[in-house]
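Working notes, beginning with the structure itself.
By convention in this document, chain letters (A, B, ...) are assigned in the order of the sequence lines, proteins followed by strands, and residues within each chain are numbered from 1. For clarity, every value in this text was computed on a predicted model and none was experimentally measured.
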Amino acid sequence: MALLQISEPGQSTKPHERRLAVGIDLGTTNSLVAALRSGVAETLPDENGHHLLPSVVQYRGITELLVGEQAKRLATTDPMNTIISVKRLMGRGLADIQHLGTQLPYEFTQTDTAMMRIRTAAGDKSPIEVSADILRVLRQRAEATLGGELSGVVITVPAYFDEAQRQATKDAGKLAGLNVMRLLNEPTAAAVAYGLDKATEGVIAVYDLGGGTFDISILRLNKGVFEVLATGGDTALGGDDFDRLIAEWIMQQAGIPRDTGHAQLRQLLQTACAAKEALSQQVSADVSITTDSGATWQGMLTREQMHALVDPLIQKTLTTCRRTLRDAQIDTTAVQAVVMVGGSTRMLRVRERIGEFFGTSPMVDIDPDKVVALGAAIQADILVGNKPDDEMLLLDVIPLSLGLETMGGLAEKIIPRNTTIPVARAQEFTTFKDGQTAMTIHVVQGERELVSDCRSLARFSLQGIPPMVAGAARIRVSFQVDADGLLSVTAREQTTGVESHVQVKPSYGLTDIEIEQMLRDSMNHAQADVAARTLREEQVDADRVIEAVLAAVAVDGELLGADERQRIDLAVAKLQQLRQGNDPRAIKTAIAQLDRATQSFAERRMDRSVKQALSGHSLNEFINPK
Amino acid sequence: MTNGNSRNYFDLFGMPVAFKLDAESLAQRYRELQRVTHPDRFASGSDRERRLAVEQAALVNEAYQTLRSPMRRGRYLLELNGMTFQDETQTTADPEFLFEQMEWRETLAEIRAQADPLAVVEALLKTINARRVELERELADSLQEQQWPASVAIVNKLQFITKINQEAAAIEGDLLDAQ
């Protein structure tokens, strides 16, 4: 048995303390938080024993708000101040919302940053802030249940979320005071939860139909590696749309006019949803609704009638499945298992049709509402460092092509969809006019030829190009997508080295300054609290860095020369000392110094790992020589 | 290559510099390399390590994508041997292939007017695919014999095939969506 290590009194780093990490499924309809407890992933209930937190926020006043079940129950009483399905608005502009085709009862305002906001009793709220309000409740629940501060979280997103939607989700996490270690694609999370890598070697499909989004992912599993081959989906198709179609049918039958009030609409949607759920158990469902005029309409919806209503939507998901299989260069016979995810896969009809399509009965053993959060919790536990020897590795892809606007409003693809991330690609462009000294770089995402049909992600400009004849300058534009699917772009004029860089902050996102400001506002407290929080954040960061460096030195110390070792030891000692103090800026500087001191060491370590992997040996042989 | 740790993609994967390669061991090496470079391995590491991991994992991905695709692998091999490619402008001098190109283009242009456009596009995709397999075989032989300019010509054809395949697949996708 290995000996337990005891750290020196007063030292901050406790390498063997289990760190708290959770997975969060920030869903359209419901959200969940899950953690690994005694080695098993479990969703965490609230004090009333409810695991699902309805993704509903009701703003009742400047500081008063309800989140979850209560807000949902009161939704019909105050639809304008009750935000439901906010996930559908994430990373979207006003124009997108109008295209969603759903009638939303809110009043929108658009600010100069193109960030759309909803007018509420608590002021104008961006979808990011609304999401952060949901995340805060989950964070409190997790910290109360697990008994401590969270070191890190994994938040899941639909695989088909674009860059703007991902960035918005990550910002919401930041705003809720969370350290978002990773944005994980929901289908991948589900595959992890099923632990299929242990039982299967081969190709699986994950069909994820939630309240407002649909995803299909095709994955290849091999000894703990989950390699996404292709992903497809629709970020505006889900169970809500089924409800809407059924509600429209009820309106027709009951003679309710299309321009009926918001409260009536909400009631209709709830009735429709109940009928839909009932029809997975029974062949017909009674429907009754009280109209605005006070009259009651009663009717019956049969399974066949419902199938006629929803089949076109299910067919739409199957078409997407077919395209995604084609992208993966796989046909249905090669798919060994189909995993069902999302509340809408409870519908018997959905299961039937998917089973037919793939020729295999879908896997439904894990609660489709919880499976994503469970997978995220497993990943979070590994990322936070609680399982250093775990073999699991998730290789995901970008769902939509990334490109640039070129002459004539055409989109030039730089990174095609379904490219494994992280990825870096570069392409050279040139000037259009003689003497041109600036160039606008317009970053877009989507599959279409015309920029106007793609999603605009960001615009920035490269200034200071030396005047040359048209076509002489060589501008190299580099795209880098990290493991969260987030993009940064650099443009560089090759002859002069003039450079411009953007961390893509999408047209519909919040700026860093806005987020900072909101973080301050959200605390609603004196300056002292803000300072205390900043200090705490730097201390946590310092602990993380110190621990990482000490661990690296312990494993690969022989890569260090005496001088370098001494410099690193000094930088560590200095940071350890400052970390005990209360100057966040000094800590930050010391972190940066330690980072610089370890630069070359980090590079050599990585090189060595790569070489060891190359020689065909498993890394473990090197780390634990027998 | 930006890093001193490997001279080319083949080296990075510990494979001989050759067109013929074993897809299974390529995939195996890829997973091994991702295991040591992927950013998830450094989630609680220092910022420096995390940035480095993103760069390295991206390099491994790029190398894998290049070596995995016969067309890209062939092109890469030719570039290693000093051959250059001028994208877009290069056309083939092979009249038979030119004729094929024109035929395929016409089929695509007129597809919407067909009685069963989906069947037509699927047939076209099949034809294109068969031609691709054939060309890949030719490329393997030509590279084996170190016929560099001839190999460049084949890669150019394959690049055209890839492009028209994408267009046809996009049309097929639209037709499927419209169903």
statement: If one checks every heavy atom of Gln34(B) against chain A at 4.5 Å, the contacting part turns out to be both
Nearest heavy-atom neighbours spanning Ala483(A) and His38(B): CB-CE1, 4.2 Å
- prompt: Between the main-chain N or O of Leu393(A) and the side-chain N or O of Asp40(B), is there a donor-acceptor pair closer than 3.5 Å?
  reply: no
message: Taking CZ in Arg72(B) as the centre, count heavy atoms belonging to other residues, nucleotides or ligands within less than 6.0 Å. Is the count above 12?
response: yes
task: Find out whether Glu55(B) and Gln480(A) are in side-chain contact, i.e. whether some heavy atom of one side chain is under 4.5 Å from a heavy atom of the other.
output: yes
message: If you compare all heavy atoms of Glu49(B) against all heavy atoms of Ala602(A), which two are closest, and at what distance to 0.1 Å?
response: CG-CB, 4.0 Å
- prompt: What is the minimum heavy-atom distance between Asp595(A) and Arg48(B), and which atoms define it?
  reply: OD1-CB, 2.8 Å
message: Under a 4.0 Å threshold between the charged nitrogen and the carboxylate oxygen, would Glu391(A) count as salt-bridged to Arg35(B)?
response: yes
When Val545(A), Val423(A), Leu383(A) are compared by non-hydrogen pairs under 4.5 Å with chain B, the top option: Leu383(A)
- prompt: In Å, rounded to the nearest 0.5 Å, how long is the span from CD of Gln329(A) to CG of Asn129(B)?
  reply: 8.5 Å
- line: When the 4.5 angstrom heavy-atom criterion is applied to Arg605(A) and chain B, the contacting part is side chain
message: Below 4.5 Å, heavy-atom pairs only: which of Val384(A), Leu395(A), Asp541(A), Thr598(A) has the largest tally toward chain B?
response: Leu395(A)
message: Suppose we screen for salt bridge (charged side-chain N to carboxylate O under 4.0 Å, His left out). Which residues come up paired with Asp396(A), at least two apart in sequence or across chains?
response: none
- prompt: Pairs in or reaching into residues 99-150 of chain B: which pass ring-ring contact (aromatic ring centres under 6.0 Å, His included), with residues at least two apart or in two chains?
  reply: none
query: Asp390(A) versus chain B, heavy atoms under 4.5 Å apart: side chain, backbone, both or neither?
result: backbone
- request: Give a yes or no on this: more than 12 heavy atoms of other residues, nucleotides or ligands lie within 6.0 Å of atom CD of Glu449(A).
  value: no
query: Among Gln65(B), Gln28(B), Arg50(B), which has the most heavy-atom pairs under 4.5 Å with chain A?
result: Arg50(B)
- request: Let me know if Ile591(A) has heavy atoms under 4.5 Å from chain B in its side chain, its backbone, both or neither.
  value: neither
Region of Ala27(B) in contact with chain A, defined by heavy-atom distances below 4.5 Å: neither
Greater than 12 external heavy atoms within 6.0 Å of Glu79(B)'s CD: yes
message: Looking at Arg41(B), I want to see if its CZ is surrounded by more than 12 non-hydrogen atoms of other residues, nucleotides or ligands under 6.0 Å.
response: yes
task: Please assess Val225(A) against Tyr30(B) for the test side-chain contact (heavy atoms from CB on, under 4.5 Å), listing each intermediate value before the final yes or no.
output: CA-CA 11 Å; Val225(A) 179; Tyr30(B) 170 64; over 6 Å; no
task: Using non-hydrogen atoms and a 4.5 Å limit, figure out which bit of Gln379(A) sits close to chain B: side chain, backbone, both or neither.
output: side chain
